[in-house]
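Just below is one structure, and these are the notes that go with it.
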Amino acid sequence: MEPATVPGSGTGKLIAGRYEIIRLLGRGATAKVYLAADLHTGGSVAVKSISKHSCASPSSIVREVAIMRRLRHPHIVRLLEVVASRSRIHFVLELAAGGELFHRLESQGRFPEDLARRYFQQLISAVGFCHARGVFHRDLKLENLLLDEKGDLKVTDFGLSAQADQIRNDGLFHTLCGTPAYVAPDILSKKGYDADKVDIWSCGVILFLLIAGYLPFNDPNLMAMYKKIYRGEFRCPSWTSPELRNLIERILDPNPKTRISLAGIINHPWFKKGLDEEKWTAKMRFRDEELVKEEAGRVLNAFDIISFSSGCDLSGLFDVAPDRERFVSGEPAESVVNRVEEVGRIEGLRIRRGKKKALLEWQNGNLVARVEVHRLTDDLSVVEVVKGEGPKERRLWRERIGPALKVPAF
Ligand code: ADP
């Protein structure tokens, strides 16, 4: 379990003037993930940081952001904010303080059925929630299951997920994706597949793994492993109860047409045991209502605009010249400039300003910061800043100007 983060106890490195990096939590294929203190709330967050060079195209990031922002569920890691700096994109995420489920399984060898059931119910709750909204994960695996401080499950990594609108005319997905041991036979057949069936298969692999402590389909030779997957060749360990054995066999059915559906899983006697149906229903609804309330009074967020504006290419937002930074503000241009001016006045700086620009200098004429605001909508702007180079300028930026500009756009 992560200890509470104490602002000032970390590296001193700040992201967006708000998140103080404490230490590295983990490394992924493309990302470094840090534990950080949120100086505004005093809480802890995870910051997933990706180099712009190594990351996928802006459009795929925008897609990931748009998808994650819509998913609010107790068992899905929530995306809180996205900040782009000169060379990196930082995803500020809800912290899963309990670490990886993988590590817990590794230390215990395997889980008793009751504990495996609890994790599996939480996984199915998250997956069902996403599927009902046309979002499929497509890379469900143990490594993507984290735990919060109470030991409850949090599904993460929607980097590969796809929305229903990417389905081709025949109603099937056609991209080959996933991690070999978790890949459904329908993907291997390359004829196209139903993404919900593929996620269900991966949930079956995870369930087997939790109970057995090893993967159902495994072979050092990839082709031999695929063959086993294709034929649905696996054996439940001897300690599996008959009810659970039945459920696993219904999920790991190589024929997607006869494979059990999510509704079937939820109604299965092994799954239902100990399930609080009222709580279950509340989990499936709760965050939606919150989201609707939150979005009702607000214009679209910049990332929503980027992801939905097919006619206008705003992906340049991610290509920032080396000496400047850009971020999105939820305020009209003029009030952003007003805030900058106010800080300048308090700090006794020389100020030159226009309606959408402000230049802050020391009395000797040295640059402190140049801020330029581009309008996106009436209430949404892109703020572009050039910062002075020296330590004094940096401190001023970090402690005064940065925080003054950090507006609740995202
Ligand atoms: P990638 O998508 O590049 O593979 P991941 O999202 O898997 O990166 O993150 C790498 C590691 O960072 C994870 O295995 C986990 O240990 C840690 N991590 C990721 N997200 C969080 C989070 N929200 N809270 C805590 N730790 C996290």
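Just follow the structure's listing: the first ligand is 1, and inside any ligand the first atom is 1. Model, not experiment: these values are computed from the prediction.
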Flag for H75-D152: side-chain donor and acceptor within less than 3.5 Å: no

If you look only at distance, which donor and acceptor atoms sit under 3.5 Å apart when one is on a side chain in residues 244-251 and the other is two or more places apart or in another chain?
unit_1, atom_1, unit_2, atom_2, d
R245, NH2, P237, O, 3.4
N246, OD1, H268, NE2, 2.8

Sorted by chain and number, sequence neighbours left out, side chain to side chain donor-acceptor pair (under 3.5 Å) with S335 holds for none

Would you kindly say whether D253 and T258 are connected by a side-chain donor-acceptor distance under 3.5 Å? yes

Run the side-chain donor-acceptor check on residues 270-280: report pairs under 3.5 Å with partners two or more places apart or on a different chain.
unit_1, atom_1, unit_2, atom_2, d
W270, NE1, E113, OE1, 2.9
D276, OD1, E278, N, 3.1
D276, OD1, K279, N, 3.2

Ring centre gap for Y34 and Y19 strictly below 6.0 Å: no

Report all N/O contacts between ligand 1 and the protein shorter than 3.5 Å as a table of atom names and distances to 0.1 Å; if there are none, say 'none'.
unit_1, atom_1, unit_2, atom_2, d
ligand 1, 2 (O), K48, NZ, 2.9
ligand 1, 2 (O), D157, OD1, 3.2
ligand 1, 2 (O), D157, OD2, 2.9
ligand 1, 3 (O), A29, N, 3.1
ligand 1, 3 (O), T30, N, 3.1
ligand 1, 3 (O), T30, OG1, 3.3
ligand 1, 3 (O), A31, N, 3.3
ligand 1, 4 (O), A29, N, 3.2
ligand 1, 6 (O), K48, NZ, 3.0
ligand 1, 14 (O), E100, OE2, 2.8
ligand 1, 16 (O), E100, OE2, 2.6
ligand 1, 23 (N), E94, O, 2.9
ligand 1, 24 (N), A96, N, 2.9

